[in-house]
Number of protein chains: 2
Amino acid sequence: MLSKKTKYAFHALTYLGKHKDEGSVLIQDIAAKHGISHKFLENILLELKKAGFLGSKKGKGGGYYLIKEPRDIPLSRIIRLLDGPIALLPCVSLNYYEACEECEDQVRCGLNKVMIQVRDETLNILENKTLADILDKE
Amino acid sequence: MLSKKTKYAFHALTYLGKHKDEGSVLIQDIAAKHGISHKFLENILLELKKAGFLGSKKGKGGGYYLIKEPRDIPLSRIIRLLDGPIALLPCVSLNYYEACEECEDQVRCGLNKVMIQVRDETLNILENKTLADILDKE
DNA sequence: TATAAACCCTACTTTTTTTATAGGTTTTAT
DNA sequence: ATAAAACCTATAAAAAAAGTAGGGTTTATA
């Protein structure tokens, strides 16, 4: 399951996407709207900023805003940023690969093969669906 | 990611599948083979037994054995038993549904739609692939 | 130029989940 | 009888997730 961090990130991005023509948006507005702790959300927005999705303006009248087009933000990138691997096994992860320590040979591992399939189907969706697709439906 | 519990369960089931013509198998054999803690694995095998996948024989010369055909054990059932939901969001889970509390209306939620797709593609694989498929490849 | 509003940053605490251990009970072959 | 093995429940330890704290920095504006 996705962590709350990731879910909150999606809520925030969606909110920012909806208000992208209104300049910058306050953390507090997003937090209040979705009943998220201000401080927790602050950390998340900071991560999204450092990763290049958001820009911000400090000081009075400041706030956050999208600096990428929604269609250029694949869902997979947000999930990986906040939650880490999308794959169900470390030995199948493209971005966070690790060998399974209790496994003697992943080449002959039947589970490995199935999980590669699951990963590919999942990524096929999550790499191609973007923030824009989410915004469309709301 | 799948928990260790689930991974260990798959190792155990695979081991039991490979040795299904040799009567019962000791917890200790499986644990030693994969470097798993005996006691931890014991709990897992007990769960698998209670769920109807394994049988056991107590006392000296006892052990565990499969009571279902490998082709009748879909991977999804093992994952759900040990790890819970397969879906990425509670509001999209078939077996463990819960509303997302920070979400005002899941019907108009764009993320919900995408995650239903992911769930369906994932389940399409995990419900149809069984222990037999894993055994084949090893 | 003082003030208040807002983001920035790091560290810490709390809670929850996962992983593992402990220790006895019951059953059964020999 | 004895030893080997599964059965059962509770607890502990470790790790991860969620949330909090508090001061630092920047900036609009009066």
Report summary line: What residues 1-9 of chain A contributes to the DNA chain D interface at heavy-atom separation below 4.0 Å is A/Ser3, A/Lys4, A/Lys5, A/Tyr8

Report task. Return the residues of residues 36-52 of chain A meeting this criterion: a heavy atom under 4.0 Å from some atom of DNA chain D. Order them by number, or give none. Result -> A/Ser37, A/Lys39, A/Phe40, A/Asn43

Query raised in the report: In the single-linkage hydrophobic clustering (I, L, V, M, F, W, Y; side-chain heavy atoms under 4.5 Å), do B/Leu46 and B/Tyr8 co-cluster?
Result: yes

Query - Positional range of nucleotides in DNA chain D within the contact set of chain A, heavy-atom, under 4.0 Å - result: D/dA18 to D/dA28

Requested in this report: Could you check which residues of residues 18-28 of chain A get a heavy atom under 4.0 Å from DNA chain C? Sort them by number, please.
Outcome: A/Val25, A/Leu26, A/Ile27

Report summary line: ring-ring contact (aromatic ring centres under 6.0 Å, His included) pairs touching residues 46-70 of chain A, sequence neighbours excluded, are none

Query raised in the report: Can you name the residues that form a side chain to side chain donor-acceptor pair (under 3.5 Å) with A/Lys113, not counting sequence neighbours?
Result: none

**Report entry** Partner set under side chain to side chain donor-acceptor pair (under 3.5 Å) for B/Glu102, not counting sequence neighbours
**Finding:** A/His11

Has [X] got a side-chain atom pairing as donor or acceptor with [Y]'s backbone, closer than 3.5 angstrom?
{"X": "A/Arg119", "Y": "A/Val92", "result": "yes"}
{"X": "A/Asp120", "Y": "A/Gln117", "result": "no"}
{"X": "B/Asp83", "Y": "B/Leu2", "result": "no"}

Query raised in the report: Closest nucleotide of DNA chain C for A/Ser56 versus for B/Asp83: which of these residues is on the 5' side?
Result: A/Ser56

Query - Apart from B/Tyr97 itself, residues in the same hydrophobic cluster as defined by side-chain heavy atoms under 4.5 Å - result: none

Query raised in the report: By the rule that ILVMFWY residues connect when side-chain heavy atoms come within less than 4.5 angstrom, directly or transitively, which residues belong alongside A/Val107?
Result: none

Query raised in the report: Is atom CD of A/Glu98 surrounded by more than 12 heavy atoms (other residues, nucleotides or ligands) closer than 6.0 Å?
Result: no

Query raised in the report: Does the side chain of A/Leu94 come within less than 4.5 Å of A/Leu123's, by heavy atoms?
Result: yes

Report summary line: DNA chain C in dot-bracket form (Watson-Crick or G-U pairs under 3.5 Å, [ ] crossing, | inter-strand) is ||||||||||||||||||||||||||||||

Query raised in the report: Pairs in or reaching into residues 26-38 of chain A: which pass side chain to side chain donor-acceptor pair (under 3.5 Å), with residues at least two apart or in two chains?
Result: A/Gln28-A/His38

Report summary line: Of all heavy-atom pairs linking B/Cys91 and B/Gln106, the shortest is CB-OE1, 3.4 Å

Query raised in the report: A/Leu75 and A/Leu131: which non-hydrogen atoms are nearest, and at how many Å?
Result: CD2-N, 4.0 Å

Query raised in the report: Any ion pair linking A/Glu101 and B/Lys4 (charged N to carboxylate O, less than 4.0 Å)?
Result: yes

Query raised in the report: Would you call B/Glu42 and B/Lys39 a salt bridge, taking side-chain N to carboxylate O under 4.0 Å as the test?
Result: yes

Show me the protein contacts with nucleotides 27-30 of chain C, counting only N or O atoms at under 3.5 Å.
{"unit_1": "C/dT27", "atom_1": "O2", "unit_2": "B/Gly59", "atom_2": "N", "d": "3.4"}

Query raised in the report: For A/Lys57 and A/Ser24, does a side-chain donor sit closer than 3.5 Å to a side-chain acceptor?
Result: no

